[in-house]
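Mind having a look at this structure? Questions to follow.
On a predicted model such as this, the values are computed, not experimentally measured, just so you know. Throughout, a chain's letter reflects where its sequence line sits, starting with A, and its residues are numbered from 1.
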There are 2 protein chains.
Amino acid sequence: MNKDKIQEQNTLCRSRILGIKDTTDVLSGKWKIFILGSLLVMGKMRFMELLNTIDGIGRKMLAKELDDLEINGLISRTELKTKPLTVVYELTELGKTLKNLINEVIEWGEKYRDHSLKQFHNP
Amino acid sequence: MNKDKIQEQNTLCRSRILGIKDTTDVLSGKWKIFILGSLLVMGKMRFMELLNTIDGIGRKMLAKELDDLEINGLISRTELKTKPLTVVYELTELGKTLKNLINEVIEWGEKYRDHSLKQFHNP
DNA sequence: CAGGATCCTTTACGATACTG
DNA sequence: CAGTATCGTAAAGGATCCTG
């Protein structure tokens, strides 16, 4: 019945929800966290390496997500002036600040994959 | 040039990538993490409370995401047999194991919201 | 090799009205 | 109140071909 307490809790909740929004805005889309996770483990990677490592992604989506991530300063893109063009991507310092978050995602998945198995892509 | 090393690293990468997939399968969709975050802060919440707390979500999506989360055992749904029906949602034990992950998401957003401001929902 | 352009399909998402 | 039903739009995603 303490309405002040409820109000206070609601304000706290909204503020934290904003944190979630800020993060998910940057990580929006199905593939960004996969790209970041790959770069976190592998260091520098080329376009084709990412395409082969991340199961299910296509060229178009990979290109788009890489664009988004570069615009937001999470990864860097470097062209090496070789005969057939070579491009390497890697995490920036800002991108590396996501290390803990990504590791949490990975570890939760590894720990609890047997508990909750349903995907929602079924008929 | 050490192909074994590269191969080994690639295997490690794929295994970790799988962890990401397991987690994102369960957290798929735009709103699940908002619902979980709200319940983490607020404890038990009713349908309308969630609808009012999570900015931008609609009834349809809220209902669907709550369904998904319940199916995967992350939240519980309890009907109180009151005259106008009352339903409360809360995190299950399994749902509470996401606490660290969600806190990482919240904290990263709070820390780095000024670094990367672009959203991708613009013309 | 690293992507852009194009076309097309599917899914996600949203607004509103309605029901037990 | 707690949802479902219905309809409609926008975005995601995929296949293929093309270019520096």
Inset, instruction - Check the distance between D:dA2's P and B:Ile35's CD1 and give it to me in whole angstrom. - result: 14 Å

Inset, instruction - Would you confirm whether A:Thr53, through its side chain, and A:Glu49, through its main-chain N or O, come within 3.5 Å as a donor-acceptor pair? - result: yes

Inset, instruction - Evaluate the side-chain proximity of A:Leu101 to A:Thr23: yes if any heavy-atom separation is below 4.5 Å, no if none is. - result: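 Side chain of A:Thr23 against side chain of A:Leu101, heavy atoms only: contact under 4.5 Å found.
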
Legend entry - Side chains of A:Thr78 and A:Val87 in contact at under 4.5 Å (non-hydrogen atoms):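 Result no, sub-4.5 Å side-chain heavy-atom pair not found.
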
Inset, instruction - Heavy atoms under 4.0 Å is the rule here; annotate nucleotides 1-8 of chain C 5' to 3' with B where the base is hit, S where only the sugar-phosphate is, and - elsewhere. - result: SSB--BB-

Legend entry - Between C:dT11 (P) and A:Met61 (CE): distance, integer Å: 15 Å

Return a table of donor-acceptor pairs under 3.5 angstrom between the side chains of residues 34-48 of chain A and protein atoms on other chains or two or more places apart.
{"from": "A:Ser38", "atom 1": "OG", "to": "A:Phe34", "atom 2": "O", "distance (Å)": "2.8"}
{"from": "A:Lys44", "atom 1": "NZ", "to": "A:Glu90", "atom 2": "OE2", "distance (Å)": "3.4"}

Inset, instruction - Can you tell me the distance, in whole Å, between the CZ atom of B:Phe34 and the C1' atom of C:dA12? - result: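 It works out to 15 Å between those atoms.
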
Legend entry - Atom pair distance, as rounded to whole Å: NZ in B:Lys81 and C1' in D:dC1: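 Atom NZ in B:Lys81 sits about 12 Å away from atom C1' in D:dC1.
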
Legend entry - Distance in angstrom units between B:Leu51 CG and C:dA15 P, rounded: 11 Å

Legend entry - Expected output: side-chain A:Lys32 to main-chain A:Ser28 donor-acceptor under 3.5 Å: yes

Inset, instruction - Whole angstrom is fine here: how far is it from CG in A:Leu80 over to C1' in D:dG20? - result: 16 Å

Inset, instruction - Calculate the interatomic distance between B:Ile57 atom CD1 and C:dA15 atom C1'; express it in whole Å. - result: 14 Å

Inset, instruction - Starting at atom CG of B:Leu50, determine the distance to atom P of D:dC1, rounded to an integer number of angstrom. - result: 13 Å

Inset, instruction - Pick base, sugar-phosphate or nothing for B:Lys83, based on heavy-atom distances below 4.0 Å to the nucleic acid. - result: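 Nothing, no heavy atom under 4.0 Å.
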
Inset, instruction - Check whether any side-chain heavy atom of B:Glu110 lies under 4.5 Å from a side-chain heavy atom of A:Asp22, and answer yes or no. - result: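 No - every pair of side-chain heavy atoms lies 4.5 Å or more apart.
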
